[in-house]
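Step one of this worksheet: look at the structure below.
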Amino acid sequence: MEFHHVPILLESVLDQLMIRPDGIYMDGTVGGAGHSSEILKRLTTGRLICLDQDRTAVDTARERLSAISDRASVVKTNYVNFDTVLDDLGVDRLDGILLDLGVSSYQLDNGERGFSYRMDAPLDMRMDQDSPETARDIVNNYSEADLTRILRDYGEEPFARQIARNICKSREAKEISTTFELNELIRSSIPARARRNGGHPSKQTFQALRIALNRELQVLEDSIDRMIERLSSGGRLCIITFHSLEDRIVKQAMKRAENPCTCPPDFPVCVCGKVPLGRVVTRKPILPDEREQEENPRSKSAKLRVFEKK
């Protein structure tokens with residue numbers, strides 16, 4: 001299956017990155033190279049560094065970007081490791097960084113990857129196919145308390161406790177190994193009245209398992225401050241999120257970088273010595289317009305936030 005992913009908020013990203021032909025940029029989630037291809041086209045003497053933990057994405061990005069220019073480096077790794085990559089490449093500062101978070105269209109549409117509740121497949125959900133743990137391991141080995149916490153905290157699932165309890169009961173008789181087996185357990189755990197309201201009953205559980213397995217929120221929290229530190233003066237960090245948990249982390253981190261002062265509000269002057277690292281460009285997130293939402297329904301939940309280094 002060809003790695004296909006429509007770049008979301010493409011024009012907004014290109015505008016906000018303010019790409020200079022001689023600048024150095026990083027795409028931490030290159031995917032099918034949709035955003036990166038357009039960034040690379042705008043570079044002459046500049047450089048583009050692309051990261052992704054999905055080996056299919058890395059192979060695809062290398063092929064597509066090499067057809068445009070030889071000024072792109074593509075590395076297979078999670079973006080949390082970007083410092084090591086920059087150091088290995090001899091890059092000190094970046095003029096712009098892009099993160100397009102969440103799962104790609106390719107990963108969702110490729111049934112064998114196990115990300116989608118709409119296709120029967122092994123319970124996998126690994127963004128890095130070389131990672132040893134899968135969603136199947138979580139579902140069959142985690143305690144009822146841990147499953148409840150994951151579904152509640154990462155999926156905001158109101159019936160987390162019932163779903164976790166039924167998973168644990170079912171796996172005593174037989175290991176849960178496919179997406180449709182899990183679907184049936186989720187459906188049976190949610191009251192019929194609740195199933196009639198809203199979308200697919202498995203949506204929040206699948207999101208929660210994927211986030212937990214791939215450590216998505218921890219990786220994001222561990223990366224933002226360090227990315228801002230590696231920006232050049234005037235450099236920008238652009239992050240596209242797809243659900244409230246991600247967006248909250250990004251919003252708070254950017255706000256903290258803009259105003260890091262930890263002094264009590266009633267202090268007449270700052271004594272902590274922490275100075276602003278830059279400014280939040282987007283007081284409100286940039287959203288896809290109606291046309292983009294119609295052409296690409298998966299863009300509807302996307303939000304772009306931007307921070308500029310001082």
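Note that these values count all heavy atoms, side chains included, but never hydrogens, waters or copies made by symmetry.
For the ring-ring contact (aromatic ring centres under 6.0 Å, His included) condition, no pair includes a residue of residues 42-72, sequence neighbours left out. The ring-ring contact (aromatic ring centres under 6.0 Å, His included) pairs that include a residue from residues 183-216 are Y117-H200, Y117-F206, where partners are two or more places apart or lie in different chains. Counting only residues at least two apart or on different chains, the salt bridge (Lys or Arg N to Asp or Glu O under 4.0 Å) pairs with a member in residues 71-81 are K76-D128, K76-D130. Among residue pairs with one or both ends in residues 128-181, none qualify as ring-ring contact (aromatic ring centres under 6.0 Å, His included); sequence neighbours excluded.
Not counting sequence neighbours, the partners of A192 by the side-chain contact (heavy atoms from CB on, under 4.5 Å) test are R195, R196. R279 pairs by the salt bridge (Lys or Arg N to Asp or Glu O under 4.0 Å) definition with E308, not counting sequence neighbours. Residues passing the side chain to side chain donor-acceptor pair (under 3.5 Å) test with R193: none are found, sequence neighbours excluded. Residues meeting the side chain to side chain donor-acceptor pair (under 3.5 Å) test with T77, sequence neighbours left out: N81. Judged as a side chain to side chain donor-acceptor pair (under 3.5 Å), and not counting sequence neighbours, the contacts of N78 are Q53. In terms of the salt bridge (Lys or Arg N to Asp or Glu O under 4.0 Å) criterion, residue partners of R230 (sequence neighbours excluded) are, by chain and number, D83, D87. Applying the side-chain contact (heavy atoms from CB on, under 4.5 Å) rule to K41 yields the partners E38, I68; only residues at least two apart in sequence or on another chain are considered. Listed by chain and number, the residues in a side chain to side chain donor-acceptor pair (under 3.5 Å) with Q218 amount to none (sequence neighbours excluded).
Salt-bridge check for E216 with R210: passed, with a basic side-chain N closer than 4.0 Å to an acidic carboxylate O.
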Verdict with reasoning, T134 to D124, per side chain to side chain donor-acceptor pair (under 3.5 Å): CA-CA 5 Å; T134 68; D124 193 322; 5.7 Å; no
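With hydrogens and angles disregarded, no donor-acceptor distance shorter than 3.5 Å links the side chain of E294 to the backbone of R291.
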